[in-house]
Amino acid sequence: TYTWNVLLSVFVRAGRHGEARQMMNEQMLQDCSLDVVTFTTIMTGYTRAGELRTAVELMEEYRARDAAKPPNAQMYNVLLNGFFNAGLFGQALVYFEKMVKVCRPTLVTYNTLITGLSKSGMVRDALGLLEYMIESGLSPDVITFNSVLDGLCKDHRVLDAHHVFKRALERGCQPNVVTYSTLIDGLSKMAKMDEALQLLSMMSEHGCHPNTVTYSSVVDGLLKAGRTDDAISVLGRMKDAGCLPDAVTYNTLIDGFLKRQGLREAVGLLREMLEAGFRPSVVTYTTLCHGLCRAGRFQEAFEILDHMAARGCSPNAVTYSYVVDALCKAGRVTEAVGYFEKMVESKVTPHVIAYSTIIDGLCKAGRIDEAYDFLERMIQAGRIPDVVTYSILVNGLCDAGRIDTGLELFRAMEETGCVPD
RNA sequence: AUACUCAGCACGGCGAAAA
């Protein structure tokens, strides 16, 4: 069993969960030496791929095998995490309730919940859960604190983050490189680059060494703040510290240069990235499309799209949204609609931003009725329009002089529980 | 190294900032 599980975990880690499941089934026919770990391993693979349906099936399959060995907390944790990552908040809670009936939630369970809540913008609840843990005598660990800190930072609550950080210290919880990176990234995203740089120096003094992730956040923040020279010098420090840039670092740099018309540098970095042995990812390609479109070089951008498909790195919803946006902004709205349909035909599910983008393009071109059609389609597809989507339409209606309809939509928005900003 | 939880990159409206 042990050996089998090791083998299966290797497959899962390589993203080959389908094969792993196949192997498990074959093994199952031979004897019964499969255990919770086997099932949990494979479920992990499916949840990472977003195939939650199958993960749940596997848990049921396991449950049906032996009534004396019900699913354990770890198995439930995998599902909880999967539901959160898929944004299926309600489902996560349903399973959490099922879970508490049959087994005791572990520290990891709480950490999973806190991370999920933080990422869904429900930091309040995450904080509440943290208090609850402490009151009920369950000791939060550094991961618990890091998750809460991340939620606070993403909510721009740097002061509160400082508080929580201090409390962690008081409780004897040692900050680690993730803790510092989380804080540094929060500062970078708020363009507080001097503080971010200060913290970067401070962490080393406290015996915690920045890694590639830490440096990349700082580089990203500096580039976005237009401090290109500082970004390059941090990159140098990073290399001196023995941290090699990874694919994300390169994407960050390429994007930063493209946005500052540094096409030359961007191309040089792309070459360097390839030489370092990194394959361009969807993000790399999308970034390049972005750079080409903003330079008005649509033809080349489209070539990249075709190239991607040929390289087995298919464009995703983000890639398509960007192209749709660029076409709209160039006044080529009809072609943009064509690309939107192409996305759907390629079995890529448009996300909220994709819909908002096409709706905006149509509104600005005065094609409000078609924009409404897309709103309709989006709701049909189970995508919830957000504040931005509504703002676009309300704006469009007002510009078209249909102020009453705009007001009506505004009220409809409030009814759906969407808070105006 | 038998399974579960934490940080960095690309995409949308308005506004703000910068120019």
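First the proteins, then the strands, lettered A, B, ... as listed; each starts at 1. What you see below is based on every heavy atom in this structure, not just the backbone, and it leaves out hydrogens, waters and symmetry mates.
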Does OP1 or OP2 of [N] have a side-chain N or O of [X] closer than 4.0 Å?
X	N	result
Arg13(A)	rA1(B)	no
Lys329(A)	rC11(B)	no
Asn111(A)	rC6(B)	no
Lys259(A)	rA18(B)	no
Lys364(A)	rG12(B)	no
Lys224(A)	rA18(B)	no

Just to be sure I understand the rule, does [X] reach a base, reach only the sugar-phosphate, or reach nothing, if contact means heavy atoms closer than 4.0 Å?
X	value
Thr286(A)	base
Asp386(A)	base
Ser181(A)	base
Val6(A)	sugar-phosphate
Ser356(A)	base
Thr179(A)	nothing
Asp141(A)	nothing
Thr249(A)	base
Val78(A)	sugar-phosphate
Thr40(A)	base
Thr41(A)	sugar-phosphate
Thr357(A)	sugar-phosphate
Asn85(A)	nothing
Ser118(A)	nothing

Inset, instruction - Measure the spacing between CD1 of Ile359(A) and CE of Met378(A) and express it to the nearest 0.5 Å. - result: 6.0 Å
Starting from [atom2] on [N], measure out to [atom1] on [X] and report it in whole angstrom.
X	N	atom1	atom2	answer
Phe84(A)	rU5(B)	CZ	P	14 Å
Arg260(A)	rA19(B)	CZ	P	12 Å
Asp360(A)	rG12(B)	CG	P	10 Å
Leu222(A)	rC9(B)	CG	P	14 Å
Leu138(A)	rU5(B)	CG	C1'	13 Å
Leu80(A)	rC6(B)	CG	P	13 Å
Met203(A)	rG8(B)	CE	C1'	13 Å
Tyr285(A)	rC9(B)	OH	C1'	16 Å

Picking from [options], which would you name as closest to the side chain of [X]?
X	options	value
Val213(A)	rG12(B), rG8(B), rC11(B)	rG8(B)
Val388(A)	rC4(B), rG12(B), rC11(B)	rG12(B)
Asp255(A)	rA3(B), rG8(B), rA10(B)	rA10(B)
His290(A)	rC4(B), rG13(B), rA10(B)	rA10(B)
Ser147(A)	rA10(B), rC6(B), rG12(B)	rC6(B)
Tyr322(A)	rG12(B), rC11(B), rC9(B)	rC11(B)
His351(A)	rC4(B), rC6(B), rC11(B)	rC11(B)
Val248(A)	rG8(B), rA3(B), rA10(B)	rG8(B)
Lys119(A)	rA10(B), rA7(B), rG12(B)	rA7(B)
Tyr2(A)	rA10(B), rA3(B), rU2(B)	rU2(B)

Is [Y] paired with [X] through a side-chain N to carboxylate O contact shorter than 4.0 Å?
X	Y	answer
Arg21(A)	Glu57(A)	yes
Glu131(A)	Arg167(A)	yes
Glu408(A)	Arg411(A)	no
Lys329(A)	Asp360(A)	no
Arg377(A)	Glu341(A)	yes
Lys224(A)	Asp220(A)	yes

Inset, instruction - Classify the ring geometry between Tyr320(A) and Tyr339(A) as parallel (under 30°), tilted (30 to 60°) or perpendicular (over 60°). - result: tilted
Inset, instruction - For the pair Ser281(A) (side chain) and Val283(A) (backbone), establish whether a donor and an acceptor sit closer than 3.5 Å, ignoring hydrogens and angles. - result: yes
With a 3.5 Å cut-off and just heavy-atom distances, do the side chain of [X] and the base of [N] make a donor-acceptor pair?
X	N	result
Ser216(A)	rG8(B)	yes
Asp421(A)	rG15(B)	no
Asn77(A)	rA3(B)	no
Asn5(A)	rA1(B)	no
Thr389(A)	rG12(B)	yes

